[in-house]
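Here the structure comes first, spelled out in C-alpha cells, and everything after it is commentary.
Per chain, numbering begins at 1; letters A, B, ... match sequence-line order. It should be emphasised that the depicted structure is a prediction, and the values quoted were computed from it without experimental measurement.
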Amino acid sequence: MSYECCEGVRGLKFSRGYFLKQGGVAMIGLSAMPAFLQRAAAATPMPNKKQLVVLFQRGAADGLNIVMPFGESNYYRMRPTIAIPQPKRGSADAAIDLDGFFGLHPSLAPLEPLFHKNQLAIVHAAGSPDSTRSHFDAQDFMESGTPGLKSTEDGWLNRALETIPEENASPFRAVAMGPNLPRTLQGAAPAIALPDLKQFKVMAQAPGTGAMVEGGFEAMYAQTVDKALQGTGSETFEAIDLLRKADPAKYQPENGAQYPTSRLGQSLQQIGQLLKADIGVEVLFVDCGGWDNHVNEGGVQGQLSNLLRDLGQGLAAFHQDLADRMQNIVFVTMSEFGRTARENGNRGTDHGHANCMFVMGGDVRGGQVYGKWPGLNDHQLNEGRDLALSTDFRSVLGEILTKHIGVADLKPVFPGFDNHPRKFPGLIRA
Amino acid sequence: MESSAAKADFTTKRFATAEPHAATESAPAVEPAATMKPATTMKSATTMKPAATMKPATTMKPATTMKSATTMKPAATMKSSTTMKSSATVAATLRESRLGCAKKQERKGCEKNHRKDLLHFSPSDSNYTESSYWDELRYWTLADKQNSILHPGRALVPASLRGETRVRCVEELFASPRVNLNKSPARSLPRVVLAAERRRGQEIAMRLQSFRAPGFGLRFPRFCFRLPWIAFQAKTHELVIPRGEIARGICFFFRFSRQTAKSFLAVILSVACLPLGVDFPLPVLAATPAAAAKEKKPKQDPALKGLPITELSAEEAILHALNRLSYGPRPGDIERVKQMGLAKWIEQQLNPNSIDDKAVEARLQDYPTLRMSTAKLMEEYPQPKPHEIKAEKQAQARAQQEQRRSDAAADSEKSSEKEMQGSQAQGSSPEAQNATAAGESAARSAADDPNTPAPMKEPEPAPENTAKGARRRDAIDGGDPNNIPRAVADDSRRPARIVAELAMAKVTRAIYSERQLQQVMDDFWFNHFNVFAGKGEDRYYLTSYERDVIQPRVLAKFRDLVTATAKSPAMLFYLDNFLSADPRAAQRQAMQRAMRQQARYGPFGRRWPTRPPVNPQQGAKKNERGLNENYGRELMELHTLGVDGGYTQKDVTEVARSLTGWTIEKPRVYADFKFDERLHDPDPKIVLGKKIHAGGMKDGEQVIDLLVHHPSTARFISTKLARRFVSDNPPPALVNRMAETFQSSDGDIRAVLKTMIWSPEFWSREAYRAKIKTPFELVVSAARALGTDVDTPLPLVQWVGRIGEPLYQCQPPTGFLDKAETWVNTGALLNRLNFSLALAGNKMRGARSDVASLLGVDSSADPKAALHRAVQVFLGGQAAPATVETLEKQLDNPQILQTKLDDPRAQVNLGVIAGLVLGAPEFQRR
C-alpha cells in the first residue's frame, strides 16, 4: 500500500531531521544549512502519498440550486423566481443535465466534463443530522465532527491525522489557508495556518539583517534546553526552508490552468502550489464565504451564480493544474446546512437542512449523484420546509478517510457515529 | 480473601479525607426532605452492637471528625445538639460512627466475623427485603448525600471520590458479600450497575491520573495539621469547640498513635495554634511543615519576608511573581518590588482597590463604547443594512484591485532584487508585502459577516445580502496588523468597532494598569466563562458582560460569578438558555388563553378553537421552543463541576429544566435579564440526588447553590487556577489545599489565591518558567518589557490574534485551553518571532519604544554590550548561557558591523537586538 512506498522517504527525512538536531549545535554561527542537503531531502517526490483537500462553504450554500432536481415538479412550484430551468440543448441559461433527474447550475459548466469523466461525484441530501438552524452551531458541529455536542475541543480532520501518527511528519502535513486555524484542524496533531505562502518567513525589520536574524533565531532554538520549544523551533525553520525552496513567488500554474483572481481562486492556486512542492502536505483546508443568500439569491444569474462561477472555475483550474497528481488527491466540499426548499418573500432562501457535497479526484467513482433522494413533495420535506437528510456527512468523510487516506479506525474521528464500511455511499474506489 | 481490616481502614481513611467537604456542606440550604434519610440509616445503625455503648455527647462536627479519625469512640454525635447540625452532618457522623465502630471491634477482636457485623443484613436473611436493599444502597450514598447521586441505578459511591480510589471503592462495595444480592429480589440491578460503575471508574482513573492523590502514609501528622484548620473553620462557622473535647482527643492521640517526631511536633504546633488559630493568616497555616520549618531559615532575603520561598533567589522570586501575578515586569519593576517587599506587593495586588489606577483610566477614555449601555450600543452601532454593505464592498473591490496592481509591481521588483541588502527601499519591504494581504483582507469584520468561520445571526434579523466571494477577514482575529479594516476604524459606527474597542481596552489595561492581578484574573474568568463575540447579538452584550459581570467579581465569591454569568444576557444568548422553555409551556399557555377567551366570549366565542397558523413555516418555528440543555450541560461541565464532576445526562436535563424561564428581555433593544414564569417548568427536579422544588426563579438559584458548593467544583476551580498560575500539571497537594480553602471559605477566590501564593509549590523550582506565555501574555509582556508607548493598540490586538488567540473570538464555550500544546506550533512560533522583531524594531503602527535609552546604550556602542544589556533588561539576566553565546556569534556577522558604521541606523540595530532577545525561547515562558 501507499504507506510502504513512503518508507524510503521517511528514512531520508529522518536522517535529515537527525542532522538538523544533532548538527545544529556544531553549526551555530554558520547559520545556514548546506543547500544541497536541503534539496536532496526536500526534492524527493513522495509517490502515492494520498492527499485530501476540504473546502468549507460558509454561510450555508443553496444545494437545491447548485445541483437541482429538475425532474421534481414541486421544485419549480416552490421556487417560482429563482429555479433553474430544465435542461435545453444549446441553451446556456438552463440546468446542465447530469443524469436525467439532477442538473448542474449553468455557472458550474467547467465541472461538467469532470463529472462525465468520472472525476467528480455529487452526494445529495447530505449534511449534519442536527436540526439547528444557527450558522454558529451548525459550523461548529460540522467542523468538530460531533453534531449536537458542543464541548468537543478538536476538529475531525485533526483527529483523523492523530489516528495515523507519523514520525518526523512534515511541518506542512496539515495546512489551513487563512490567518487562523479553523476548528476542523484544531487539536493535538500539528497543523499550520498560512494566510499567504509568501509571508511564511522571518521578517527582519531592518535592512540587511535578514540572514542574521533568521540565523540567530534558528540557532537559539536549536540549542535551547526547552524541549517543547526546541522541537517546534526546528520544525518551523525546516518549514521556512522548505517553502523557500518551493519559491512561491515564482509559481506558474501548469497545463494552461487559469485560476480565478478571487480569494478562493488564489487560495486554490496556493494549494496546488503546496501540493506540487512535495513538502509532505497531507490535508488542506480552505473556506469561502458569501453563501448566506436571504435576499435576491438569483437564479441563472445573480449572487449565487457569481459564487458558483468562481467555485467552478477554481475547481476546474485546480484539476487541470494538478493533472496526474489528481490520482492521489480527493477534494471534498461541505457547507453547514442547506436552505429552505421554498424561496422566501425576498427572492432568497432561509436556513434549511440537507445539502449537496462535491467529491472530486482520481480515486472517486465519479459521474454519479449519490444518496437516496428524499423527494421534494410537501410531506417529504424536513419540518415541512427543507430538503430532508438521507446521507450523514460523516459517512461521506468517513469513506474518504478510510479508503483514501487510510484511517483504520473511524471511532475516534467521529465518536458516537456508526460508520460501518457497509454504510458508506461507495463513492471512493477501494 | 483480602483482609477486612485493610478494608475498614481504607474506608475510614476515605471518609476521613472526605470530611471537610461535608463540613462546609452543612449549609443551611439543606432541604428538610433530607432529614428523613438519617432515620433509615439510624435504623440500620442501631442493629450494630457498639451502638448500644454510644454515649450522647455534645460535640459538633470538627471534634467528631477528629475522633473518628483517631479511632476514638466514635458514637459521640449520635445525638445532634448543636444548632449548626444539619441532616448532612448527621449523615456524615452516622457513617463515621459506624465505620469507627467496626474498626474498633476489629481492633479488639471481640468479634471474629466483623464483616458480618458490618453487614447487618445478609441476603439470605428472611427479613431482607427489597426495601432493605435500598436502605443499604442509601447507606453508601446518603452518607455523603450531597456529593453523590442518590438514584441507586447510577452511582453508589460518593461522587467526590475519583479515579482509582473510586474504582477500588466500587469494587470493594460489590465484592463484599453484603451486596452480593444474587438471591435477593433486586438481583438483576447491581450487576448492571457494577459494570457501568467500573467502566466509568476506570475511565475516570485514566483521565485523572495526574490528579491521583499521593498515598497518605502519614495520616496522623496530616491530621494534626488539620487541627488548626478545624479551629479556623469552627471560628468561621461561629462554633465553639469545648476545650475538653480537644484535650481528650489529643491525649488519646498521644496514647494510641505511633508517634513520630514529626507528628509530635505537629501536635505541639497545633495546640499552640488553637487559641490563636484564627488570628493567623490562613495560608500560613495551610503551608506544609517542611515549608514552615524552612521558612525560618535566616538566609532568606528581606524582600521575600513572609513568603515560603526556599528554592528561588530573590531576583528569581520577584521575576516569577511579576510573571505570574502580573503581565511581566516593566523596566524598573523588579527593583521597585524588591524595595517594597514582595509580600507587601502581593497583598496590594490582592486588594486592587487600594491601588491608584488613574493613568490607565485616562487611556481608556479613548474608547467610548466601554461606558455605554447595551441599549445605547445597539442604537449607536446598528447592524448595517444590506445595501450599505453592498456599496461599501464595491468601493473596496476597487481599492483592492488597485492595491493588487501595485502589489504585483512591488513583487516583480522584489523578485528581481531579492537579496539586495542595505537599500533604503528594503526597510519598508515587509510592509509592502503586508500590503498584499491588506488588499485581500478587504475589511469587514466577521461579526458582521455570515461567511466567516463564525457567522450566525440567531433569530435572523435583517436578511443580509452578500455578494461575490471575497471573504472578509475579521478586524481583530489575526488579520494583517499593518492594515486597519474600516469596520473597526476610530470613526466606525459598525458593531465590529465595539468588539475592537473591548479588545483594545483589554490590551491597554493589561499593559498599563497598576492593578495587574485584577487584569490577570479578569482574563482568567472571562476565559472560564467564555462568550464568543461572533455569535449574533453577543457583540453588543459583551461590553456589559465584561464590565458589569466579570470585572467586579474577579476576586469575590465564586458563587456570585456563577450567578451573575447565569443571569447575563451574553451567556444566556451564547449558550441558548434564553430559548430554553418547558416543552409544555406552549400548550399550557394555549390552554390558558383558551380559558380566558372562553371566559370572555363563552364556549362558542370567536376564534376558538384557534385557527391554524397561516404560514406553516412560522408555525413550525413557534413550536420549536423546547428544553435547551446547552447551558445546563456547560454550567456543570465547564463552569462548576468539571467534566468528571460526577453528574449524568439526567442531571443535565434536570438542571436545564430548573433554569427554564431564565431569558432575555427585549434582546434587540436593551437586553436585560428576565425570569419568565410562563416558560418555567414548575415540576420538582432532582439534581445530583437533591430535590429542587423551590419554585420559580429560586429553582435555578438553588441549583447554582448546589453546584458551587459541590466538592468537585472546589477541585475543578482550584485545578484550573493552579494551572493558570503554577504549572500545566499542578502538584495535587497544592490543588488539595486550595480546594480545602475554597470549601472552607465558601468559594472565596481571594482566599484560594492566597493559599496558592503562600504555598511552597508556587515558588518551587519546577514552577519557575514552567508556563508558555499565551499569545496575549506574550504581546503584553513584550510591550511592558520594552516600556512601549502604545498609542493605538489595534495592531497589538491583531498580533495577538495572529499568534493564535483572537481576543473575544474563542468560539467554543471551553475558552482557550491553558496548556503549552495549545500555543506551541510552527505557524504560531514564527508569528511570535515576527512580532518581536516588529515591536522592537518600531515597525508597528501606533507603538513606539525607545530601546536605546532603555538599554542605556548609545548608538555607537558595541553590539555585544547592547546584547548583554538587553538580556539583563528583558530577561532579568536569566538567559541560558548558550542563548547569549549563540547571539553573540550572530552579531559577528559582517552585515551588522557594516550598518553599525552608519550612525543614523544604529538605532535600528538596537531594535534588531531587542527583537532577537524578545524572540528568545526564554521570553516565551513566564
Checking side chain to side chain contact (heavy atoms under 4.5 Å, CB included) against A:M220, which of B:L887, B:L833, B:V884 comes through?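 Testing A:M220 for a side chain to side chain contact (heavy atoms under 4.5 Å, CB included) against B:L887, B:L833, B:V884 leaves exactly one candidate, B:L887.
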Less than 4.5 Å to any heavy atom of chain B: does that hold for the side chain of [X], its backbone, both, or neither?
X	result
A:L181	neither
A:A60	neither
A:A228	both
A:R309	neither

Nearest 0.5 Å please: distance from the CD atom of B:E922 over to the CG atom of A:D226. 8.0 Å
Using atom types as modelled and distance alone, determine if a side-chain donor or acceptor of B:N825 lies under 3.5 Å from a backbone N or O of A:A189. no
Answer whether the closest heavy-atom distance between the side chains of [X] and [Y] falls below 4.5 Å.
X	Y	value
B:N834	A:Q199	no
B:F532	A:D140	no
A:Q223	B:T883	yes

Looking at chain A, which one of B:A820, B:A840, B:A838 has the largest number of heavy-atom pairs inside 4.5 Å, strictly under? B:A838
Looking only at non-hydrogen atoms, find the nearest pair between [X] and [Y] and report the distance.
X	Y	value
A:L229	B:R925	CD1-NE, 4.3 Å
A:A219	B:T886	CB-CG2, 3.1 Å
B:T826	A:A239	CG2-CB, 4.2 Å
B:G827	A:I192	N-CG2, 3.0 Å

[X] portion near chain A, given a 4.5 angstrom heavy-atom threshold:
X	result
B:I772	side chain
B:E629	neither
B:A882	both
B:T814	side chain
B:A920	both
B:N831	neither
B:P921	both
B:R769	neither

Sort out for me which of A:F217, A:F237, A:F200 touches chain B most, counting heavy-atom pairs under 4.5 Å.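 Max contact count across the listed options: A:F217.
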For chain B, which of A:V225, A:T232, A:L194 has the most heavy-atom pairs under 4.5 Å? A:T232
Please evaluate residues B:L829 and A:E235 with respect to the criterion side-chain contact (heavy atoms from CB on, under 4.5 Å), reporting the C-alpha separation (whole Å), side-chain torsions for both, the decisive distance (0.1 Å), and the verdict. CA-CA 10 Å; B:L829 182 62; A:E235 265 173 37; over 6 Å; no
